[in-house]
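Chain A is the first sequence line, chain B the second, and so forth, proteins listed ahead of strands; every chain is numbered from 1.
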Amino acid sequence: MHIYDSVQKTKLPFKSIVPHKASIYICGPTVYDDSHLGHARSSLSFDLLARTLKALNYEVIVAKNFTDIDDKIIKKVHETGQSLKELTSHYINVYRQEMRALGVKDADIEPKATESLEAMESMIQGLIDKDIAYVVNSGDVYFDTAKDENYGSISHQVVADEENQSRVEHNTEKRNPKDFALWKACPANEDICFETSFSKGRPGWHLECSAMIEKHFEGTNEYSIDIHGGGADLLFPHHENEAAQSRCATGHELSKYWMHNGFVNINGEKMSKSLGNSFFIKDALKVYDGEVLRNYLISIHYRNDFNFNEEDLLNSKKRLDKLYRLKKRVTPTKSSKPNIPFQKAIMTAMSDDLNISVALATIDEMISNANDKLDENPKDKGLKKETLANIEFLAELLGFGGKEPFSYFQIGIDAVTKNKIESLIIARNEAKKAKDYEKSDAVRDEISAMGISIMDTADGTLWEKL
RNA sequence: GGAGCCAUCGCCAAGUUGGUAAGGCCGUAGAUUGCAAAUCUGCUAUUCACCAGUUCGAGUCUGGUUGGCUCCUCCA
């Protein structure tokens, strides 16, 4: 397995800190709003990573956090009148459902910030004791970046004169403009806050992840985890700060490898909350099946920017349709073992920093070969069994192709419509038998008008929803 | 202002140690079919934004130019 490390900016062979085990931590969502396609892509990217490592016989532990306390959440609590718990658990549940709809496997550990306050407090206290962190009059606790000589080694952002360059207004109590909050004291009129030895307040965003990683992973004396993942926008300052805190708190590096996924753009523009052009997963799922959406979102390498548009989505759906048509041809049958060269080719591609394009090309080739052979010998049982095994292998590794093929082509069709289609097909076949092609074509037009495509095969007339 | 990424056929897109351009969509010719659809086969980039350099040889390395994007502010 080779993965691209964003810190060293090069592809590196993956050597886990404990042999045959891989620990992965992914920065999850802040739960105050619905998730958008960017969250989906990030999740999908690391889902693919975890699945690939599992297929390579690693024992994989994935942790993905929920940031369930921060200013935006507090603001929304006050706006809606809901309790903190009501609000955050709602969005956590929605997130989980949406991720499942996209075929993302649940993380093994899903820590919440509010359930990790002790770990945070002790990490902060430890940094204060070492004089790496300091408490200011307001009660805020800041990290003194000047105390960490490796600060900047993650993102390579060397901000020499940040005070002049930055557009941020700095708290004048900070020792250094680069210093960032580990803990934010709450205003007197704020009741959503937590008591600690240094002040009543809430955790800083960067600190949460560091504390949760230390809480849930054992690590070694070199690293806490193998891979830390997240969106490309988190590299700086979020991951830089995480790394600094952890380095100073534990005496070793936080993560051996850092991976960052690219953005999802809509109309060539970055999708973000502040731009207000978010495409929410819930809205996408109203129009497209979760598996189709997954297949599309993973079809472009995770580090590239992703330009979402319907034409490309339909293109990728066509490839998935072909896979399911092949599955239909080999159903029903019992699977045997996947074809070894095929399996190897897919694993080689995915082991190369998740080279999905090569994997997809390999799948297209497998489909083409299988169809070709089935054209020659439709009753080739051995081929059918192997083909089904190939598809099942893909379903496990890439998370698509696992559905029963006939139902795949009937997604969104209710029983009444289904009956109507089937009776029309019978009517058409009767007309065909009588060689009344004018009538049979008219019936076909009627079926097409319903958005259904039909195809005459040796096994009878099959239909698909377009 | 600082840091960095990207530019390959009409569209999407692969191309780790430089060795002579994967795959999909679309289009097109054919096999098959009552006609379609599906499936299969053939064809479809002397060329990788542009210029210069290194080299026997560069899409791949170096320098520059142009164009697009991101981070430095909550953000996946």
Calculate the interatomic distance between [X] atom [atom1] and [N] atom [atom2]; express it in whole Å.
X: Asn265(A); N: C5(B); atom1: CG; atom2: C1'; result: 13 Å
X: Asn241(A); N: C74(B); atom1: CG; atom2: C1'; result: 14 Å
X: Glu242(A); N: A76(B); atom1: CD; atom2: C1'; result: 13 Å
X: Leu323(A); N: A38(B); atom1: CG; atom2: C1'; result: 15 Å
X: Asp436(A); N: C35(B); atom1: CG; atom2: C1'; result: 13 Å
X: Phe236(A); N: A76(B); atom1: CZ; atom2: P; result: 17 Å
X: Asn369(A); N: C40(B); atom1: CG; atom2: P; result: 9 Å
X: Asp321(A); N: C25(B); atom1: CG; atom2: P; result: 11 Å

Can you tell me, in whole Å, how much space there is between the [atom1] of [N] and that of [M]?
N: U46(B); M: A21(B); atom1: C1'; answer: 10 Å
N: C11(B); M: U16(B); atom1: P; answer: 23 Å
N: C9(B); M: C50(B); atom1: P; answer: 10 Å
N: A14(B); M: A7(B); atom1: P; answer: 9 Å
N: A45(B); M: U8(B); atom1: C1'; answer: 9 Å
N: C25(B); M: U44(B); atom1: C1'; answer: 13 Å
N: G53(B); M: A58(B); atom1: C1'; answer: 12 Å
N: G19(B); M: U47(B); atom1: C1'; answer: 16 Å

Between [N] and [X], counting only base atoms on the nucleotide and side-chain atoms on the residue, is there a donor-acceptor pair under 3.5 Å?
X: Asp456(A); N: C35(B); result: yes
X: Asn355(A); N: G15(B); result: no
X: Arg444(A); N: C35(B); result: yes

Where the side chain of [X] is defined as all heavy atoms beyond and including C-beta, which of [options] is the nearest nucleotide?
X: Gln157(A); options: C71(B), A76(B), C40(B); result: C71(B)
X: Asp305(A); options: A13(B), C69(B), G34(B); result: C69(B)
X: Asp364(A); options: C12(B), U39(B), G24(B); result: G24(B)
X: Ala361(A); options: G23(B), A76(B), C71(B); result: G23(B)
X: Ser453(A); options: A37(B), U39(B), C12(B); result: A37(B)
X: Met455(A); options: A37(B), G34(B), C74(B); result: A37(B)
X: Ser357(A); options: C12(B), A22(B), C40(B); result: A22(B)
X: Lys322(A); options: U39(B), U16(B), A76(B); result: U39(B)
X: Asp233(A); options: C72(B), A76(B), G34(B); result: A76(B)
X: Asp352(A); options: A37(B), U16(B), G24(B); result: U16(B)

Does a side-chain N or O of [X] approach OP1 or OP2 of [N] to a distance below 4.0 Å, or not?
X: Asn261(A); N: A76(B); answer: no
X: Arg325(A); N: U39(B); answer: yes
X: Lys373(A); N: C40(B); answer: no
X: Lys318(A); N: C26(B); answer: yes
X: Ser368(A); N: U41(B); answer: yes

In the structure shown, which nucleotide is the Watson-Crick or G-U wobble counterpart of [N], with both distances under 3.5 Å?
N: A29(B); result: U41(B)
N: C71(B); result: G2(B)
N: A7(B); result: U66(B)
N: C35(B); result: none

If you measure from the Lys or Arg side-chain nitrogens to the Asp or Glu carboxylate oxygens, is any gap between [X] and [Y] under 4.0 Å?
X: Asp305(A); Y: Arg41(A); value: no
X: Asp353(A); Y: Arg303(A); value: yes
X: Asp140(A); Y: Lys174(A); value: no
X: Arg100(A); Y: Asp106(A); value: yes
X: Arg247(A); Y: Asp148(A); value: yes
X: Arg96(A); Y: Glu110(A); value: yes

With His228(A) as reference, evaluate Phe217(A), Tyr257(A), Tyr25(A), Phe46(A) under the ring-ring contact (aromatic ring centres under 6.0 Å, His included) test and give the passing residue.
Tyr25(A)

Which part of the nucleic acid does [X] contact within heavy-atom distance under 4.0 Å: base, sugar-phosphate only, or nothing?
X: Asp312(A); value: sugar-phosphate
X: Asp372(A); value: sugar-phosphate
X: Leu234(A); value: sugar-phosphate
X: His238(A); value: nothing
X: Ile356(A); value: nothing
X: Gly38(A); value: base
X: Gly262(A); value: base
X: Lys9(A); value: sugar-phosphate

Of Asp375(A) and Glu311(A), whose closest RNA chain B nucleotide lies nearer the 5' terminus?
Glu311(A)

Reading RNA chain B from 5' onward, which residue's closest nucleotide shows up sooner: Arg319(A) or Arg303(A)?
Arg303(A)

Would Lys75(A) and Asp71(A) count as a salt bridge (Lys or Arg N to Asp or Glu O under 4.0 Å) if you check the C-alpha gap in whole Å, the side-chain angles of each, and the deciding distance to 0.1 Å?
CA-CA 6 Å; Lys75(A) 187 168 170 246; Asp71(A) 285 347; over 6 Å; no

Take Asp68(A) and Thr114(A) through the test side chain to side chain donor-acceptor pair (under 3.5 Å) and record every step on the way to the result.
CA-CA 6 Å; Asp68(A) 61 347; Thr114(A) 54; 2.5 Å; yes

Ring centres of Tyr288(A) and Tyr296(A) under 6.0 Å apart?
no

